[in-house]
Every structure is written in structure tokens, then in C-alpha cells.
2 protein chains.
Amino acid sequence: LRRIKASGLKLQLCTNETQATRENFVRKLRAMGFEVSVAEVTAPAPAACRLLRERGLRPHLLVHDDLVPEFAEIDKTNPNCVVLGDAAENFTYANLNEAFRLLIGMEKPVLISLGKGRYYKETDGLKLDVGAYMKALEYACDVQAEVVGKPAKRFFESALAELGVPPEQAIMIGDDIVSDVGGAQQCGMRALQVRTGKFR
Amino acid sequence: LRRIKASGLKLQLCTNETQATRENFVRKLRAMGFEVSVAEVTAPAPAACRLLRERGLRPHLLVHDDLVPEFAEIDKTNPNCVVLGDAAENFTYANLNEAFRLLIGMEKPVLISLGKGRYYKETDGLKLDVGAYMKALEYACDVQAEVVGKPAKRFFESALAELGVPPEQAIMIGDDIVSDVGGAQQCGMRALQVRTGKFR
């Protein structure tokens, strides 16, 4: 990271992290010694908030407790859509049934997913990511989720806009063949998969 | 039920009930006044046990506690497949991650699902059925589950064999358009959807 920055190349961190606000995410990275700022982070929750506002949607949130502050300004009364993130311990049987009942009760269910990752790795092992729970709700409600995180084209376009760089002059580096590499390529960028993290 | 039996027509109850053994299922029905015996019930768990034995598979069970006795005779040490039922309260984040990790760790993941229902109705509302969780694991592991309950063709064939009746002389009655009606039709039976139960 330091070498990229020193070289003069522009840098934007594209994360599907939805277990924390960008502020907390950056705090964690800085504590690990990475010199990054909130402005250098593109994340799904702010993208979801823009979409909710544009379309007058009031979300029921099935997300991690620590992500809730990102939605502080959003009207959540009488929900007319469900926003799904990597809720981790909040992925309980009761919470999944609640989100399902809200969706199936809508004339036209609207499911917004902050990502569609299959799984990720933590120190205590692999864990199901938001994409798996998205598929469960999609199937139960016969609906197609709108994905606002990686690999959505709009997500990468938003990161490129923040950099002020056209896709053909950018390269995406990540460990996920679908969310990172596939998404970036769909957007006209080149991409590089690293064999670290959850790579198997 | 009484009128069907009195008319001389043969009857077999085809259930995807996987929250209880057949014995308990019949006990519940009898307590409600329905005169049925265990032999009149075709259910997914015994079908799964036959399949496990045929293929030398040792299951990790993600099922309802009350269903576990159906698998009493099956070797469950050092699992080489996952059997998924409607685990209800056992569909915890930890249990789903455990089943996922076992599957993703297999050279060729084998996922056997006791049904693929989308949802069902209980007195306190609609609930996600086993099919939703099956889709979650299928997506995360990039695997196709083998379904042994309704609407699997083999399941209806087994019920017909117990009746000693060819498909063209049988009619399936149920409230689920996919599991009951679709499955029976795939098998060459006629089918009738009732507008009770979970019908919406």
C-alpha cells in the first residue's frame, strides 16, 4: 500500500465490508498500520443509501449491528424493502423469517443486497457470506435481489469516479474471482487475483 | 380422509415433514382424530437413509432434533456428506457455517436435501422452509443438492410402489404447486391443488 501511494498511483479501497461503518473500517486498518482515510474507501452501505433515497424506499435492515449507523438518516418506518448485509450473528432463524415475511407480504418484493459474496475467511474459519442468505430469500420469495456492492457495475463506476480515472487505466486487485475480478472486468477494468485471504 | 377410506380407494400420505419421525407424525395426526398408520406415510427421511446406505455415505445432519432418531442406524462418523432437513430453530448461524465448512472441505461436496419447499405456514406465521437453506448452501459451495423428498420423482414412485398403483391411476392432492402438484405431474400422475394451508 505504501509503495503504491509513494509511486504516485491513485488508490481506492473497494470493500464489501458490511460489518462496520467506513469510519470503523478505517480505524481498524489504521490500527494495523495502514495509512488510509474514509475518502479512500468505497463501500456498499453509502451506495445503498443513495439508491434508497433516489427511489423513496424505506428499508427493513437485516445487517450487522455495527453497520446500522450508516443508515441513520434513512426513514425506516413502515418498510417497503429489505436491505441485506453480512449480518453475521444477526443471521438468526427468527431474523431471517422476519425479513422473509416482510418481503413475501409486499405486492412487489424489493430486496437490496450489499453484496453477493459466497463466503469469507475469519481467524476461526470460513463463514457464509451475505450472498448465501440473499439466495435463500430470493428463492423463498421468487424475487431477484439488487446487488449494490461488488460485483455490481455501478459500484466500480462509483469508485472510478472518486479516483477520476477511466476504467481502462485502472486495475482491480482482489482475492475473490467473482466479486473482485469478475465485477471489475464487467466494468472494463483489468483485474488481478491474489492468492491470499480466502483464496483456495 | 374417512370418506376416501370408506370408498375403497387406496391412500398414501406423502409428506415432506422433516421435523419429526413418522411415528411422531402419525401420533400427532391420530391425536387430531385422523385414523392413519405409519405404513400409510411416505416421508423423506427413510428415503434418505436408503440412499445413504446404497452409496456408503456418512452424513453430517442439519435437521430438526426430533428427526434424528430416523437416522439412528446410520454411521455418522467422519462425515462425507451433509443431510439437510427443515431444522427450524437448529438453523443457527453457527450450524449453517458448520455444514458449509464440511461441504466446502470435501473434494466433491455431497448435499442431500429432504425437500426443497420455499416456505410453510405455522400458527404464528410463514416460515422459511428447507429449500431456502438448501439454496444458500448450494450457492456457497457451488454444488447442486440431491432432493429426496417431494417433488423428487423417486419419492412419488416410492409412494406408488407402496400403494401398488400405476401413476395414471393415482391423483395427488396438496397445497404446494411445486412440491405436490409439479412433482406428481412429473411422475405421470394427475394432481389437484387445494386452496387451504399455505395457499396464498
Side-chain angles (χ1 to χ4, degrees), chain A residues 19 62 64-65 82 84 86-107 109 111 113 115-145 147 176-179 198-200, chain B residues 19 62 64-65 82 84 86-107 109 111 113 115-145 147 176-179 198-200:
Chain A
Q19 289 203 0
L62 179 46
H64 197 283
D65 287 344
V82 167
L84 190 68
D86 176 22
E89 302 290 342
N90 279 346
F91 280 134
T92 63
Y93 182 58
N95 286 350
L96 284 164
N97 280 332
E98 186 189 7
F100 159 66
R101 272 184 221 125
L102 277 164
L103 283 170
I104 201 84
M106 292 172 194
E107 203 181 332
L111 174 60
S113 189
K116 61 174 201 177
R118 292 162 57 205
Y119 55 86
Y120 57 90
K121 192 176 183 174
E122 286 198 334
T123 45
D124 57 342
L126 295 174
K127 300 202 170 162
L128 288 170
D129 200 356
V130 60
Y133 294 94
M134 177 189 89
K135 289 289 172 185
L137 291 173
E138 282 188 340
Y139 177 71
C141 303
D142 195 18
V143 67
Q144 180 107 38
V147 179
D176 190 304
I177 192 73
V178 174
S179 291
K198 71 180 154 195
F199 179 85
R200 298 173 70 251
Chain B
Q19 288 204 1
L62 178 47
H64 198 283
D65 287 345
V82 167
L84 189 68
D86 176 22
E89 303 290 341
N90 279 346
F91 280 133
T92 63
Y93 181 59
N95 286 349
L96 284 163
N97 280 332
E98 186 188 8
F100 160 66
R101 271 183 223 129
L102 277 164
L103 283 170
I104 201 83
M106 293 172 192
E107 202 179 336
L111 174 60
S113 188
K116 61 173 199 176
R118 291 162 58 205
Y119 55 87
Y120 57 89
K121 193 176 183 172
E122 285 199 333
T123 45
D124 57 342
L126 295 174
K127 300 202 170 162
L128 289 170
D129 200 357
V130 60
Y133 294 95
M134 177 189 89
K135 289 290 172 183
L137 290 173
E138 281 188 342
Y139 178 71
C141 303
D142 196 18
V143 67
Q144 180 107 39
V147 179
D176 189 304
I177 193 73
V178 173
S179 291
K198 71 181 154 194
F199 181 85
R200 296 173 72 248

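All chains are named by letter (A, B, ...) in the order of the sequence lines, taking the proteins before the strands, and each is independently numbered beginning at 1.
Looking only at side-chain heavy atoms (C-beta outward), A/Leu62 and A/Leu96 come within less than 4.5 Å of each other. Looking at heavy atoms from C-beta onward, A/Phe91 lies out of side-chain contact with A/Leu128 at the 4.5 angstrom threshold.
Per-residue counts of heavy-atom pairs under 4.5 Å with chain B were compared for A/Lys116, A/Glu98, A/Met134, A/Glu138; the largest is that of A/Lys116. Of the listed residues (A/Cys141, A/Ala88, A/Gly105), the one with the most heavy-atom contacts under 4.5 Å to chain B is A/Ala88. When each of B/Asp129, B/Leu137, B/Asn97, B/Asn90 is checked for heavy-atom pairs under 4.5 Å with chain A, B/Asn97 comes out on top.
With hydrogens and angles disregarded, no donor-acceptor distance shorter than 3.5 Å links the side chain of A/Arg118 to the backbone of A/Gly131.
Interface remark: B/Asp142 contributes backbone and side-chain atoms alike to the contact with chain A (heavy atom separation under 4.5 Å). Contact annotation for B/Asp124: only backbone heavy atoms (N, CA, C, O) come within less than 4.5 Å of a heavy atom of chain A. Contacts of B/Ala94 with chain A are absent, with no heavy-atom separation under 4.5 Å from either backbone or side chain.
Under the side chain to side chain contact (heavy atoms under 4.5 Å, CB included) criterion, B/Glu107 pairs with no residue at all, not counting sequence neighbours. The side chain to side chain contact (heavy atoms under 4.5 Å, CB included) check on B/Glu89 picks up A/Tyr93, with sequence neighbours excluded.
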